[in-house]
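Report on the structure given below.
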Amino acid sequence: MTGKLHLPVPALILAGPIYRGTLSFMLILFLVTIVLVGPAWCSHLCYVGAWDDIACRRKRRLVPLSSRRPIVQTAIFIGVIGGALLLRLAGFSSTTATLLAATFGVMGIVVMVVSLHAIFLALARL
């Protein structure tokens, strides 16, 4: 509990402590919550899950998931962890790391909004 703010981007809950080289209260809270309530973290406590919940309530038609989804998820995970390690090892300042993390978070939100919009347009045509 340092009093320093963290970016509210789910992927950065793990990347922040890796970059800083310290154990984080948020990381412990995240892991304990996952163990205790499982998927409720993403469906009720995380804003990304809340957006997904709102989106799925609008239409009841199922859209099949891409077969590449696990590959993309793994690549993003490895990229986030690898990026945090590289920033730490290269000695980048915390300001630079924070700006890159914020850019990652904003880009993620843009991808989600554009993807959901495309899915809704496709469903509207059915």
Side-chain angles (χ1 to χ4, degrees):
M1 301 290 257
T2 62
K4 294 181 180 178
L5 293 176
H6 69 279
L7 294 171
V9 178
L12 301 180
I13 291 172
L14 183 56
I18 288 174
Y19 170 76
R20 290 187 303 271
T22 60
L23 192 57
S24 166
F25 171 77
M26 188 61 190
L27 178 60
I28 294 168
L29 177 64
F30 175 69
L31 293 175
V32 168
T33 305
I34 292 294
V35 169
L36 293 177
V37 297
W41 170 267
C42 289
S43 61
H44 297 288
L45 301 174
C46 172
Y47 62 90
V48 176
W51 291 345
D52 183 53
D53 182 56
I54 291 168
C56 78
R57 290 175 192 266
R58 292 182 65 188
K59 296 280 185 180
R60 291 291 178 194
R61 296 182 207 156
L62 296 178
V63 176
L65 294 174
S66 170
S67 61
R68 292 184 222 128
R69 186 177 65 106
I71 296 167
V72 171
Q73 286 176 323
T74 304
I76 291 171
F77 178 77
I78 291 170
V80 166
I81 301 307
L85 281 172
L86 286 174
L87 288 171
R88 178 180 168 78
L89 295 174
F92 280 88
S93 70
S94 60
T95 303
T96 302
T98 302
L99 288 172
L100 289 171
T103 302
F104 172 80
V106 169
M107 287 174 53
I109 291 170
V110 168
V111 166
M112 285 185 273
V113 170
V114 169
S115 298
L116 284 174
H117 183 68
I119 289 169
F120 286 140
L121 286 177
L123 287 174
R125 289 187 214 135
L126 294 177

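We use all heavy atoms of the structure for the numbers below, so side chains are in, but hydrogens, waters and symmetry mates are not.
Here Thr96 pairs with Ser93 under the side chain to side chain donor-acceptor pair (under 3.5 Å) rule; sequence neighbours left out. Under the rule for a side chain to side chain contact (heavy atoms under 4.5 Å, CB included), the partners of Val32 that lie at least two apart in sequence or sit in another chain are Ile28, Leu36.
The only option from Val110, Ile109, Val111 that meets the side-chain contact (heavy atoms from CB on, under 4.5 Å) definition with Val113 turns out to be Ile109.
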Contacts under 3.5 angstrom, residues 80-92 side chains, donor-acceptor by atom type, not counting sequence neighbours:
residue : atom : partner : partner atom : Å
Arg88   : NH1  : Tyr19   : O            : 3.1
Arg88   : NH1  : Arg20   : O            : 3.1

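Hydrophobic side-chain contacts under 4.5 Å tie Met107 to no other Ile, Leu, Val, Met, Phe, Trp or Tyr residue.
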